[in-house]
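See below for the structure under consideration.
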Amino acid sequence: AGLGHDLGHSGVTHNFHTDHIIGSVMSALMGLSVGWWKSDHNTHHVVCNAVEHDPNIQHMPMLAITDKVFRRPRFWDTYHRKWVGMDDAAHWLVSYQHLFFYPLMALGRWNLYAQGLIYLLTQPDKTHFRKTELAGIAVYFGWVLGTALSMPSWAESVGWVMLSHAVAGILHVQIVISHWAMQTYHGHAYNDAEDEWYITQLKTTMNVATPPALDWIHIGLQFQIEHHLYPRLPRQIGRAHV
């Protein structure tokens, strides 16, 4: 995941096409679409914590990241191209988001699989190396399924799959804390000297203190301030520069 993230930011060879090819081939190890990830994540970097534009804070009706979503009856989600509003179902779900937040984080990786496949199957014109990624994802699920079925019982198979994916939730929690606790805004940033690019990055990102021994879990993304200011900085030298 850490290498895949760096490849998505052209932070390994620093050549866009070379890193994209390597990342697409690595879908066989990650099960994720680099094409989808670059579309989603690069948008997040450009409009970090923008209510209408940042796909990383658009999780209605399950989660309301900011009370700003209550200030309008509904708003146009520019990334997913749909209207988002606070209907009765959303009000009820958001009222209990503190209870199912961690279970959702434990299941978060499954959503990444789904989003990647939807992107590859519905937007082929926007995806480089689409066939490579689809083949890689097929290989990934093949070896994951093979590993699961090699265990002595169904209970162990299901338990291993769910637990191994829930561990990824540790990274998800760390990443969302780094953003969801920070400032959000309607509309566009970069309007004047008060919200130019580097100021907006500092307003919308936060570092999270983690033990150095657990760096391998957080893959350098606990340093979100540095990452947003220097997204092509490889993770392995991130802590050394902090």
key: CG on D40 to CG on N56, rounded to 0.5 Å   = 5.0 Å
inquiry  = If hydrophobic clusters are built from ILVMFWY residues whose side chains come within less than 4.5 Å, do M162 and I170 share one?
reply    = no
inquiry  = Ring-plane angle category for H41 and H9, please: parallel below 30°, perpendicular beyond 60°, tilted otherwise.
reply    = perpendicular
message = Just checking D88: does its CG atom have more than 12 heavy atoms from other residues, nucleotides or ligands closer to it than 6.0 angstrom?
response = no
ask   = Any chance NE2 of H91 has more than 12 other-residue heavy atoms, nucleotides or ligands included, within less than 6.0 Å?
value = yes
Side-chain heavy-atom pair F129, H20 within 4.5 angstrom cut-off = yes
request  = With side chain to side chain contact (heavy atoms under 4.5 Å, CB included) as the test, would you mind laying out the steps for L221 and S178 before giving the verdict?
outcome  = CA-CA 9 Å; L221 295 182; S178 297; over 6 Å; no
request  = State yes or no: do L134 and V144 share one hydrophobic cluster built from I, L, V, M, F, W and Y residues joined by side-chain heavy-atom distances below 4.5 Å, directly or via other members?
outcome  = yes
Between N207 and E226: side-chain donor-acceptor atoms closer than 3.5 Å = yes
inquiry  = I want to check something: taking the side chain as every heavy atom from C-beta on, are M62 and Q97 in contact at a cut-off of under 4.5 Å?
reply    = no
key: Residues H165, Y113; criterion ring-ring contact (aromatic ring centres under 6.0 Å, His included); working and verdict   = CA-CA 11 Å; H165 283 72; Y113 295 149; 5.6 Å; yes
query = Mind checking what makes side-chain hydrogen bond (donor to acceptor under 3.5 Å, both in side chains) contact with H228, not counting sequence neighbours?
reply = H44, H179, Q201, Q224
request  = Mark yes when over 12 heavy atoms from residues, nucleotides or ligands other than Y190 sit less than 6.0 Å from its OH; otherwise mark no.
outcome  = yes
key: Derivation and outcome, side chain to side chain contact (heavy atoms under 4.5 Å, CB included), residues M182 and N49   = CA-CA 8 Å; M182 301 303 288; N49 278 17; 4.1 Å; yes
key: Any donor-acceptor pair under 3.5 Å from S164 side chain to V161 backbone   = yes
remark   = Here the pair of heavy atoms bringing N15 nearest to T18 is OD1-N, 2.9 Å
request  = Decide side chain to side chain contact (heavy atoms under 4.5 Å, CB included) for I217 and V167; before the verdict, give the C-alpha distance in whole Å, the side-chain angles of both, and the deciding distance to 0.1 Å.
outcome  = CA-CA 9 Å; I217 290 180; V167 169; 5.7 Å; no
ask   = Would you call V69 and V84 a side-chain contact if the rule is heavy atoms closer than 4.5 Å?
value = no
inquiry  = If we ignore hydrogens and angles and just use 3.5 Å, is the side chain of K203 paired with the main-chain N or O of Q183 as donor and acceptor?
reply    = no
ask   = Does a sphere of radius 6.0 Å around NE2 in H14 hold more than 12 heavy atoms from other residues, nucleotides or ligands, not counting ones at 6.0 Å or beyond?
value = yes
query = Between D54 and Y79, is any pair of side-chain heavy atoms under 4.5 Å apart?
reply = no
request  = Indicate the atoms forming the closest heavy-atom contact of L99 with P103, along with that distance.
outcome  = O-CD, 3.7 Å
ask   = Will you find, in the side chains of S33 and E133, an N or O donor that is under 3.5 Å from an N or O acceptor?
value = yes
ask   = Side-chain donor-acceptor pair under 3.5 Å between D19 and T13, yes or no?
value = yes
task = Could you please spell out the steps behind the ring-ring contact (aromatic ring centres under 6.0 Å, His included) verdict for H227 and H5?
result = CA-CA 11 Å; H227 173 56; H5 179 268; 4.6 Å; yes
message = Within the 4.5 Å heavy-atom criterion, are M26 and L3 side-chain neighbours or not?
response = yes
ask   = How many angstroms lie between atom OH of Y198 and atom OG1 of T200, to the nearest 0.5 angstrom?
value = 10.0 Å
query = When you check the side-chain N and O atoms of T210 and Q222, is any donor under 3.5 Å from an acceptor?
reply = yes
ask   = Which atom names give the shortest non-hydrogen contact between E52 and G187, and what distance separates them?
value = OE1-N, 2.9 Å
query = Side chains of W76 and T78: does their closest heavy-atom pair fall under 4.5 Å?
reply = yes
key: Approximate separation, where rounding is to 0.5 Å, of E196 CD and D192 CG   = 9.0 Å
request  = Flag yes if L112 and L107 sit in one hydrophobic cluster, no otherwise; membership is Ile, Leu, Val, Met, Phe, Trp, Tyr, and two members link when side-chain heavy atoms are under 4.5 Å apart.
outcome  = yes
note = Closest heavy-atom pair, W143 versus L29, reported as atoms and distance to 0.1 Å, is CZ2-O, 3.9 Å
key: Side chains of P61 and L93 in contact at under 4.5 Å (non-hydrogen atoms)   = yes
key: Criterion side chain to side chain contact (heavy atoms under 4.5 Å, CB included) on H172 and R109, from CA distance to verdict   = CA-CA 9 Å; H172 297 161; R109 190 168 180 83; 4.2 Å; yes
key: Hphob cluster co-occupancy, W83 + M86, side-chain heavy atoms under 4.5 angstrom   = no
request  = Classify the ring geometry between Y96 and H98 as parallel (under 30°), tilted (30 to 60°) or perpendicular (over 60°).
outcome  = parallel
task = Calculate, to the nearest 0.5 Å, the distance between atoms NE2 and OG1 belonging to H186 and T66 respectively.
result = 7.0 Å
request  = Look up atom CZ in F223 and atom CG in L233, then write down how far apart they are to the nearest 0.5 Å.
outcome  = 10.5 Å
request  = Please name the pair of heavy atoms, one in V47 and one in Y185, separated by the smallest distance, quoted to 0.1 Å.
outcome  = C-OH, 3.7 Å
message = Please report the interatomic distance CH2(W36) to CD(Q123), rounded to the nearest 0.5 Å.
response = 12.0 Å
request  = Write down the atom of P55, the atom of T43, and the distance for their closest heavy-atom approach.
outcome  = CD-CG2, 3.7 Å
query = Taking atom CZ of F100 as the centre, does the number of heavy atoms from other residues, nucleotides or ligands within less than 6.0 Å exceed 12?
reply = yes
message = Same cluster or not: V208 versus I65, using hydrophobic residues (I, L, V, M, F, W, Y) connected whenever any side-chain heavy atoms lie under 4.5 Å apart?
response = yes
key: Side-chain heavy-atom pair W197, L229 within 4.5 angstrom cut-off   = yes
